[in-house]
Amino acid sequence: MRAMSVDPIVNSLNEAQRRAVTSDADRLLVLAGAGSGKTRVLVHRIAWLIQACHLAPHNILAVTFTNKAAAEMRHRIESLLRAPLGAMWVGTFHGIAHRFLRLHWQEAKLPQNFQILDSDDQLRLVKRVMRGMELDETRWPPKQAQGFINSNKDEGLRPEHIDDYGDIHQKTLVNIYQQYQDACQTGGMVDFAELLLRSHELWLKQPALLQHYRQRFRHVLVDEFQDTNRIQYAWLRMLVGNDNAITIVGDDDQSIYGWRGARVENIRQFGDDFGRAEVVRLEQNYRSTSIILNAANGVITHNSDRLGKNLWTSGAEGDPISVYAGFNEVDEARFIAERIQHALQQGHRRDDIAILYRSNAQSRVLEEALLRAAIPYRIYGGHRFFERAEIKNALAYLRLICHRDDDAAFERVVNTPTRGLGDKSLERIRALARELKIPLWQASLQVLQHRELATKAGNALKGFLALIEQLDQETRGTGLSEQAERVIGASGLIAFHKNEKDDRGEARVENLKELISATREFEISLQQESATLAAFLDHAALEAGETQAGENEDSVQMMTLHAAKGLEFPIVFMAGVEEGLFPSMQSADDPHRMEEERRLCYVGITRAMKNLYITYAESRRIYGSEALHAPSRFIREIPIHLLQEVRASARLTRPMSTFDSGFGGVRERSAAYRGNNGYGGARIQADDSPYQLGRSVRHPKFGDGVIMGCEGQGPNARVRVNFRGEGEKWLVAQYARLEFV
DNA sequence: TCAGCGCATGTTTTT
DNA sequence: CATGCGCTGA
């Protein structure tokens, strides 16, 4: 390996990138603007450390925020070096902290088989603890308590470190935190924030261990440093110490997670705190046209709190940014769908196009518009695979099998599928568990022993305990996938979900089957012997699973602005760019939050490579009622010569011109708009086919529905109808006997 | 045990 | 508006 030339590592880099990659500074801060080759620098620097500085992969630790980023980084390093890097640690903060805790469970005072609690499990546990404290859930929202616990852990604080100011409210929350923590400890459970806090404390209390890792990790590299929170910062600080090297890469202008504890200040603090750092700025952008870049710069310069950086490109100027004012959100969506269709006709791939929005609630109308235009799309976000209820149920069975004391799992499935074990019996078990500070499983055994339950409930409980024991014994020594298959089969979950009356039941059964194949894939991806049930459960908890249906199909990408960070698309639509929505209303009063909104806008704009469309609606239905919003201040912050207003088709005259009125002047709405049917009506159809999109129809068998699409003409036309209850069907017009209603 | 009702609630999200 | 939750009654 050493004989290899380092040329490929540095040749393709620009001057700044090369300085960053080859720097011999112990503390290197790379301020990397959007699209400036951030990941590239990180990847090449690691390769450089290995090949030019002869650092063993074993001595390097690379930390990211998401599993996806970690996987991508490893992959890119390996393909650059053309060698696998088994010994190098690349992972998320949480993944790495977890690894430490697994290796040193004893020193960390955890049971060997401790389990990871995801936020859903955590909330349930918080609720349980609160019920034990007899707190009124309306006065003390469990979600808020959960947030309190997590944000304190993220700050590195234990209950005893929190000052309650003698305030009852605060006192109660601290108390909940304490009791929750006790419950975690007895149950051998660790939540996400705990992974970091615990491993930080582990080093604090075990200097020898810390020393060992300091000797091992000579160089630590961190991606997206602007997203680190306090505990992550402290964790890094401790691991690096005074003698090791650290490279951090980040962009203060892309800090959009302040609301969940990320501290941009960490970047600024880095220099002082770690000792003088060399700073390299990456300002040349390789992604976007200069118009898009200048727009982004125009917006972000309105923030005062910046380290300062100016992106530039040597590339083409490109097309102006299109701004469209929809008269309502349906019209806005219609416009977007129409433009997408146009782009597709020009030969663009659907994958090249993204629609970005501030809040998930916006996706629905957009989705409907794409559906109507028959454009395949994919929505990022929402529930991921391992977070789905049916999957969590199945996993709970598996968790109980390898860990009887897992109370979260116990609670979840003692009565799922329902087996006649009511809340009263359960409460008795919980009470005993609380009293004796023992897990629910053991409490159940005792309750049974003392015959404290009604016969029916008692038998149900006995049956449940026996089922778990039996499955454990039967599947001992069998492979993971076989075990999963057997357990899911015996749990009765399949029948349970099949019987659900919604049409969702079927999908759930499918998901359960997919879970079994996920265990198979897991076996294949690891060596057989390390693919244990416990390992799979960790995997499920730490990687919620990107698996989404239709992932491979070429489709338009829809996601929130947050979810878009780190991605790029030739064509980007930013929808709902209105005051109150984006920037969000709840950020209006706080200048810091307003700056974060602006950074979010900066992130959004810089996702676009060639074409950017900014759209907003003059009127939008929000929470049932209609709201009139002014165009977002962010539009005004873009230099006006970069913008081009897209006017609605000639059929209607706009009541307000975006530019003439100086944004947000006259808000008069003409009667012509009110009269239309909510489908962007007047403008949408010139079609003489009776099967118009959105039209309500009735079918003798399927009942009422709405036309979602139409192919062909005349009697042979095929019509796509979304029936209430029946879902979507394709019908041939001449046989369908559709009635218009 | 489960359906049905009234009520509160309503950004952004990874691990 | 629309969803999700807790509580109530059969």
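What you see is a predicted model, and the numbers here were worked out from it, not measured in a lab.
- Scanning for ring pair (Phe, Tyr, Trp, His ring centres under 6.0 Å) contacts around A/W259 gives A/Y257, A/H562, with sequence neighbours left out.
- Checked by atom type and distance alone, the side chain of A/H383 never pairs as donor or acceptor with a backbone atom of A/R388 at under 3.5 Å.
- For the OP1/OP2 pair of B/dT15 and a distance below 4.0 Å, the side-chain nitrogens and oxygens of A/N150 include no atom meeting the criterion.
- Looking at residues two or more places apart in sequence or on another chain, you find a ring pair (Phe, Tyr, Trp, His ring centres under 6.0 Å) between A/F582 and A/F634.
- The phosphate of B/dC2 has OP1 or OP2 within less than 4.0 Å of a side-chain N or O from A/T418.
- Rounded to an integer number of Å, the gap from NZ of A/K153 to C1' of B/dT15 is 13 Å.
- In this structure, A/Y213 has its ring center under 6.0 Å from that of A/H104.
- When the C1' atom of B/dG10 is taken as reference, atom CD1 of A/I622 falls 11 Å away, rounded to whole Å.
- Comparing A/E596 and A/G420 by the nucleotide of DNA chain B that holds the closest heavy atom to each, the one mapping nearer the 5' end is A/G420.
- A stem is defined here as three or more consecutive Watson-Crick or G-U pairs, each with both distances under 3.5 Å; for DNA chain B these stems are B:1-10 with C:1-10.
- Set against B/dT15, C/dC1, B/dT12, the side chain of A/S359 has B/dT12 as its closest nucleotide.
- Judged by centroid separation below 5.5 Å and plane tilt below 30°, A/W259 stacks onto the base of B/dT12.
- Position along DNA chain B of the nearest nucleotide to A/I256 versus A/E387 favours A/I256 as the more 5'-ward residue.
- A cation-pi geometry, defined here as NZ or CZ lying under 6.0 Å from the six-membered ring centre and within 45° of its normal, holds between A/R102 and A/F114.
- The side chain of A/N415 lies closest to B/dT1, out of B/dT1, B/dT15, C/dC1.
- A salt bridge links A/R306 with A/D253: the closest approach of a Lys/Arg side-chain nitrogen to an acidic carboxylate oxygen falls below 4.0 angstrom.
- Applying the side chain to side chain contact (heavy atoms under 4.5 Å, CB included) criterion to A/H169, with sequence neighbours excluded, gives A/W140, A/Q144, A/D167, A/L173.
- Here the C1' atom of nucleotide B/dT12 and the CG atom of A/D227 are 12 Å apart, to the nearest Å.
- At a threshold of 4.0 angstrom between heavy atoms, the contacts of A/S584 include nucleobase atoms, whether or not backbone atoms are also involved.
- Shown here are the ring pair (Phe, Tyr, Trp, His ring centres under 6.0 Å) partners of A/F65, two or more places apart in sequence or in another chain: A/F93.
- Among the atoms of the strands shown, none is found under 4.0 Å from any heavy atom of A/D191.
- Between A/S119 and B/dT13 there is no side-chain polar atom (N or O) within less than 4.0 angstrom of OP1 or OP2.
- Summarising the geometry, the separation between CG on A/N229 and C1' on B/dT15 is reported as 11 Å, rounded to the nearest angstrom.
- Atom CD of A/Q144 and atom P of B/dT9 are 11 Å apart (whole Å).
- Straight-line distance from the CD atom of A/E368 to the P atom of C/dC1: 14 Å, rounded to whole Å.
- The separation of C/dT3 from B/dT12, taken at their P atoms, amounts to 15 Å, rounded to a whole angstrom.
- Nucleic acid contact class of A/Y623 (heavy atoms, under 4.0 Å, all strands): base.
- Atom OH of A/Y257 and atom P of B/dT12 are 11 Å apart (whole Å).
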Quick one, give me the B/S/- string for nucleotides 2-8 of chain C, reading 5' to 3', where B means a protein heavy atom under 4.0 Å from the base and S means that only happens at the primed atoms, P, OP1 or OP2.
SS--S--
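- Dashed line: the shortest gap from a side-chain N or O of A/N360 to OP1 or OP2 of B/dT12 is under 4.0 Å.
- At distances below 3.5 Å, at least one donor-acceptor pair connects side-chain atoms of A/E332 with backbone N or O atoms of A/G576.
- Distance A/R358 CZ to B/dT12 P: 7 Å, rounded to the nearest Å.
- Residue contacts for A/L117: at a heavy-atom cut-off of 4.0 Å it reaches no nucleic acid atom on any strand shown.
- Of the options A/E626, A/H629, A/E578, a side chain to side chain donor-acceptor pair (under 3.5 Å) to A/R620 is made by A/E578 and by none of the others.
- Using modelled atom types and a 3.5 Å distance limit, the side chains of A/T228 and A/N266 yield a donor-acceptor pair.
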